[in-house]
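One structure below.
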Amino acid sequence: MKVLVTGSNGFIGKHMCVLLKRKGHEVFAYDLESSEEDLRKYVLQAEFIVHLAGINRPLTNEEFYDGNSNFTKKLIDLIKTNNLMTPIIMSSSIQAVLDNDYGKSKKMGEDYLFASRLPVYIYRLANAFGKWCRPNYNSAAATFCYNIAHDLPIEIRDRNYVVHYNYIDDIVDEFLKVIEAKEHHGSKDILYIAPTYDCSLGKLADLLYYFKGEIESDRHLPIIHDEFELKLFKTFCDYLSDPGYSFNYAADSRGYFEEVYKSKKWGQISDNVSYPGIIKGGHYHTHKKEIFYTVIGESEIIQQNVQTGEIIVSIVNGDNPQLVSIKVLYTHSIQNIGNGISHTLMS
């Protein structure tokens, strides 16, 4: 499918473009450096539009309306002038209910889309977090991650202040489901991303300091208690990793494998995700030491000594945290023995 992504160089836009290309879609990337002619050409060809472009840190309040509501209207007019009925996903904000210029400009963009009679899907996003988010801009999570990773101070005015969060992968995965649906009728209702996580600024900072200490310890892996902590840990790893590394990602019918952290001093951390019943592994290392830690789901880890045949079986699950040390010269495999997907951190 040919998909136009506005705001393609933004935090969500970058992730959206990568996911769409990974799934085999053709992406038209539109951002600030693009021309009016680019926009017209992309709109004429696009089979779906993901509208992410917007302004959240303007020099003047008028820029809120120019970048949010006015640009949305221009996009709609371009579609309708050419007699198209292109379905659109728009990223709005939970601030659209607030009486400030950012919220009002987002609400105006929503109203324009609903009035257009196009098949539209309007999502009010909470505070988005995840890798590649720009620190010291408009995200406390990104700023805390970057500063703590680089041993810089952070400022917390109210440790008890609760922020609502959406994880970047959950956002783009939801958008992809809509794009790849068989039919696109749109939704008359405001939509939201699930799950939404609530976390106080104090707890957020405490978790990040804990993650940093654990990575730099002999254990390397922190104890993770829930999905939010896992997603926050993977986010933090992106800011803590040594620069210059490329990170591998592989996916197939068994699940996926994603490298999330690399350091010359502290090694590497990956997230191995498997579907129920799937077995991975079946190899051994001559000198490399590994640690497996299933944080979500249930796994059976089997190790067998290549010389003596000794077998070690470990049954682990996210509800009972246990780090499993993988021995040198032991063939090892891991099987998801639970009913849902499993996440295993590997260091």
Side-chain angles (χ1 to χ4, degrees), residues 3-13 15-16 30-32 34 39 43 46 48-81 84-130 133-134 137-142 161-168 170-172 174-175 177-179 184-198:
V3 183
L4 165 59
V5 178
T6 70
S8 57
N9 286 337
F11 170 46
I12 301 175
H15 283 268
M16 193 76 248
Y30 178 88
D31 212 276
L32 293 174
S34 305
L39 182 61
V43 167
F48 205 108
I49 297 174
V50 183
H51 178 34
L52 306 174
I55 297 292
N56 52 30
R57 289 289 292 271
L59 296 177
T60 65
N61 285 338
E62 288 73 19
E63 290 184 38
F64 276 131
Y65 298 94
D66 187 49
N68 294 332
S69 52
N70 294 345
F71 179 76
T72 300
K73 187 176 187 303
K74 179 169 69 173
L75 182 62
I76 294 168
D77 290 343
L78 190 53
I79 295 169
K80 302 198 75 172
T81 297
L84 301 172
M85 286 295 290
T86 314
I88 302 177
I89 289 174
M90 175 188 172
S91 64
S92 186
S93 168
I94 56 175
Q95 291 195 43
V97 299
L98 301 181
D99 186 24
N100 58 48
D101 288 301
Y102 175 66
K104 288 188 286 188
S105 66
K106 281 294 190 181
K107 180 63 167 59
M108 287 177 65
E110 294 177 358
D111 292 342
Y112 286 148
L113 277 171
F114 279 134
S116 72
R117 298 186 181 276
L118 295 171
V120 300
Y121 305 85
I122 298 175
Y123 284 85
R124 286 184 181 169
L125 305 183
N127 293 271
F129 76 102
C133 189
R134 179 179 171 184
Y137 182 60
N138 68 341
S139 168
Y161 182 79
V162 174
V163 179
H164 311 296
Y165 289 105
N166 288 139
Y167 184 53
I168 185 62
D170 296 331
I171 295 171
V172 296
E174 171 68 15
F175 290 176
K177 288 179 183 178
V178 173
I179 293 168
H184 300 117
H185 300 298
S187 172
K188 296 181 180 180
D189 299 319
I190 295 292
L191 304 172
Y192 298 89
I193 300 295
T196 296
Y197 303 101
D198 295 338

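These numbers were taken from a predicted model, which means no experiment stands behind them.
Among all heavy-atom pairs drawn from S92 and I122, the shortest one is CB-CG2, 4.0 Å. Between S116 and K80, the closest heavy-atom pair is O-NZ, 2.8 Å. Shown here for Y192 and R124, the closest heavy-atom pair between the two residues is CD2-O, 3.4 Å. Listed here is the closest heavy atom pair of Y197 and P195: OH-CG, 3.1 Å. Contact detail for A53 and G7: the closest heavy-atom pair is CB-N, 3.6 Å. Closest approach of L125 to S91, counting heavy atoms only: CD1-CB, 3.9 Å.
Between the CD atom of E110 and the OG atom of S69 there is a distance of 11.0 Å, given to the nearest 0.5 Å. A distance of 5.5 Å separates CD1 of I88 from CG of L113, quoted to the nearest 0.5 Å. Note that CG of L75 is 9.0 Å distant from CG of L118, once rounded to the nearest 0.5 Å. Taken from CZ in F11 to CG in N138, the straight-line distance is 10.0 Å, to the nearest 0.5 Å. Within the model, atoms CD1 of I193 and CG of D170 stand 7.5 Å from one another, a figure rounded to the nearest 0.5 Å. Atom CG of N127 sits about 10.0 Å away from atom OG1 of T196, to the nearest 0.5 Å.
In this structure, F129 and Y167 have tilted ring planes: the angle between them lies in the 30° to 60° band. Using cut-offs of 30° and 60° on the angle between ring planes, the pair F71 and H51 is tilted.
In summary, of the residues considered (L52, T6, V43), a side chain to side chain contact (heavy atoms under 4.5 Å, CB included) with Y30 occurs for T6 alone.
Side-chain contact between M85 and P119 is present, with heavy atoms from C-beta onward closer than 4.5 Å. With a 4.5 Å cut-off on side-chain heavy atoms, I79 and I49 count as touching.
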>> Between Q95 and N100, does the side-chain contact (heavy atoms from CB on, under 4.5 Å) criterion hold? Intermediate values first, please.
In response: CA-CA 8 Å; Q95 291 195 43; N100 58 48; 3.5 Å; yes

> Taking it one step at a time, do L191 and V178 satisfy side-chain contact (heavy atoms from CB on, under 4.5 Å)?
Replying inline: CA-CA 12 Å; L191 304 172; V178 173; 5.9 Å; no

> Going through the checks in order, is the side-chain contact (heavy atoms from CB on, under 4.5 Å) test met by D111 and K107?
Replying inline: CA-CA 6 Å; D111 292 342; K107 180 63 167 59; 2.9 Å; yes

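Side chain of Y121 to main chain of H185: a donor-acceptor pair is present (N/O by atom type, distance under 3.5 Å, no hydrogens or angles). Remark: side-chain polar atoms of D31 are paired, donor with acceptor, to backbone N or O of N9 under 3.5 angstrom. In this structure, the side chain of D198 does not engage the main chain of Y165 through any donor-acceptor pair within 3.5 Å.
Heavy-atom contacts from other residues, nucleotides or ligands closer than 6.0 Å to OH of Y161 number 12 or fewer.
Legend: residues meeting side-chain hydrogen bond (donor to acceptor under 3.5 Å, both in side chains) with Y112, ordered by chain and number and at least two apart, are absent.
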